[in-house]
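A short worksheet on the structure shown next.
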Number of protein chains: 2
Amino acid sequence: MPKVSFEKFRRAVLARSVSKDTDTRLSEIGIFQHAVRGEEVSLSGRTDQLVFLAEGSTKLVASDADDAEQVLAFHFAGDMIYVPRRNRGDFRLVALADCRIISFSANEFLDVAEQDPAVLRTILTRTLMALQRSRNKAIRMGRRSAQERIADFLLAMADRIGNDEGNCISLRLPMSRRDIGNSLGLTIETVSRQFTELRDQQIIATSGRSIVRLYDLAELAVRAGHTPPPQSKSEICAGSKNDRQPLAIAAAESGV
Amino acid sequence: MPKVSFEKFRRAVLARSVSKDTDTRLSEIGIFQHAVRGEEVSLSGRTDQLVFLAEGSTKLVASDADDAEQVLAFHFAGDMIYVPRRNRGDFRLVALADCRIISFSANEFLDVAEQDPAVLRTILTRTLMALQRSRNKAIRMGRRSAQERIADFLLAMADRIGNDEGNCISLRLPMSRRDIGNSLGLTIETVSRQFTELRDQQIIATSGRSIVRLYDLAELAVRAGHTPPPQSKSEICAGSKNDRQPLAIAAAESGV
DNA sequence: CGGGTCGTTGAAAAAGTTCAATATTAGTGG
DNA sequence: CCACTAATATTGAACTTTTTCAACGACCCG
């Protein structure tokens, strides 16, 4: 049994728990798995699942009639992911890179957690963050223009997996242009054209398929439609630059 | 203190709790309020809030730069709504009809609930449902065509506030066309044109601004892009009509 | 180093938005 | 109870954006 995964899970989720019993029981009902890049994570579709992503990255997709799949969320190491059971719709969790995961039946997990309110509360807090993130995605998709959606997407990714390199923030995006399009409700061509446009304007740079460097976060925020209306009140200006920050930290923390 | 509201709250949220103490403490930290149609519900923006909607209906909006507001969710009596504190973005809860609500500081609420895991679990379950609903909204918005979004919206509303009238399902929509547009990322004109089209095809009928009757749910589901690809497997057909049902029930139950 | 996937670019078509005018509704006061 | 008014909804036409279809180019893996 992969101790490494559970150790990460312990630190991320059980931190507040005092009960050794909870620890033991969760390690017993958890199912430890690997998934290789591109492969669907095989989960029981019979019950709602709670999945801890110890390593790697995934996308949660809703497959629809036709061929179109909607990407609901991307996840990274340390996230907890709620995957509804089959009859609530056709949801699939797909590995974007090789993954190590621990999956639980949501009910079994909660039955254990109910004996240990601190754990229950941690899960609730993470779920609220997930809700927050899902709402932010809804905001992103509500934006009419492709430019706004892409800019906001890049900022959201910067919050989650960006590396500060001084003059820029660099990202290694594990998802394809198609995934980005399916996540944002755009076609792959439109995504590509928006990247090109941002690249031509030196706001971003790309290298290879997956590396993106963001050179002008402020300008990206403008493109994303953030930033309050140009200094409606002067005192607001000082704080406005950091408006995303609190959310950024929250977003970097957790999942479900 | 409006006992009626708290009685509803008790039935909806505290049902599983055995502790009289929890009941008392929550009634002490809860703030009972009214809000009249069109008015913003005044909440403390200093901390995350949990709001129980005892009566009426609301929209949660994210106000953006410019004038555009994105509607994140609509809520109805019995829902619990998570409203993030101010610095996580500019979220406002607005009454679509006269409302009675109980608002709590999320942290205070959870501190009490942590003593009573059954309540904590109820909140978590509702939050998971809210997440589910938010994801469904993301799916809805991912659909490219306006027709699909509108059809899916109508089905979602039917699930939540539809009255079965034998040959049709009737809805009294508390929100304006503008709200619908802001929720779906469409303009008011596009919403109107889609309604007109569905009306011309006898799939729906409208009377006044807010009454909508759905005469052909199956056809609406097709327009929404639901329904598995036409009988790929014959055995699927029997069950397919009810695919939405489980979710419908879940959706009608709860909020956050 | 070659082949297949993935990404980029172009031109035409489709869909949605915008702007502007008109119609309907619901609420108000006579 | 009706007429009036303001707000909301509908319709039309020009315009903009995105999608679609098709071809080409680049990247990565074996």
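Each chain gets a letter, A, B and so on, in the order the sequences are listed, and its residues count up from 1.
When the C1' atom of dT24(C) is taken as reference, atom CZ of F195(B) falls 16 Å away, rounded to whole Å. The CD1 atom of I211(B) sits 13 Å away from the P atom of dT25(C) (whole-angstrom rounding).
Two residues, S210(A) and T196(B), neighbour DNA chain D, and the one matched to the more 5' nucleotide by heavy-atom proximity is T196(B).
Taking E189(B) as the reference, nothing meets the salt bridge (charged side-chain N to carboxylate O under 4.0 Å, His left out) condition, with sequence neighbours excluded.
Sorted by first and then second residue, the salt bridge (Lys or Arg N to Asp or Glu O under 4.0 Å) pairs with a member in residues 213-225 of chain A read E165(A)-R213(A), E219(A)-R223(A); sequence neighbours excluded.
Under the 4.5 Å side-chain criterion, counting only non-hydrogen atoms from C-beta, I180(A) is in contact with L173(A). Using a 4.5 Å heavy-atom threshold, the side chains of L53(B) and R100(B) count as separate. Using a 4.5 Å heavy-atom cutoff, the side chains of I169(B) and Y215(B) are not in contact. The side-chain heavy atoms of L93(B) and H75(B), taken from C-beta on, include a pair separated by under 4.5 Å. Looking at M157(B) and M175(B), their side chains come closer than 4.5 Å, going by heavy atoms from C-beta outward. Considering only heavy atoms from C-beta on, V61(B) stays 4.5 Å or farther from N182(B) through its side chain.
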Please write out the pairs of protein N or O atoms and N or O atoms of nucleotides 5-7 of chain C separated by less than 3.5 Å, giving the distance to one decimal.
residue, atom, partner, partner atom, Å
dT5(C), O2, R209(A), NH2, 3.4
dG7(C), OP1, R177(A), N, 3.2
dG7(C), OP2, R177(A), N, 3.4

Show me the protein contacts with nucleotides 11-16 of chain C, counting only N or O atoms at under 3.5 Å.
residue, atom, partner, partner atom, Å
dG16(C), OP1, A146(B), N, 2.6

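Here the closest non-hydrogen pair linking R149(B) and G185(B) is NH1-O, 3.6 Å.
Extent of DNA chain D lying under 4.0 Å from chain B heavy atoms, first and last nucleotide in 5' to 3' order, is dA7(D) to dA13(D).
Two end axes, each from the C1' atoms of five base pairs, can be drawn for the helix from dG7(C)-dC24(D) to dG30(C)-dC1(D); they diverge by 50°, to 10 degrees.
One finds the CZ atom of F52(B) at 6.0 Å from the CD1 atom of I102(B) (value rounded to the nearest 0.5 Å).
A cation-pi arrangement is present between R177(B) and F195(B), with the terminal nitrogen or guanidinium carbon under 6.0 Å from the aromatic centre and inside a 45° cone about the axis.
Formation of a donor-acceptor pair under 3.5 Å by the D79(A) side chain with backbone atoms of I81(A) is not found in this model.
Between F6(A) and F32(A), the angle of the ring planes lies from 30° to 60°, which puts this pair in the tilted group.
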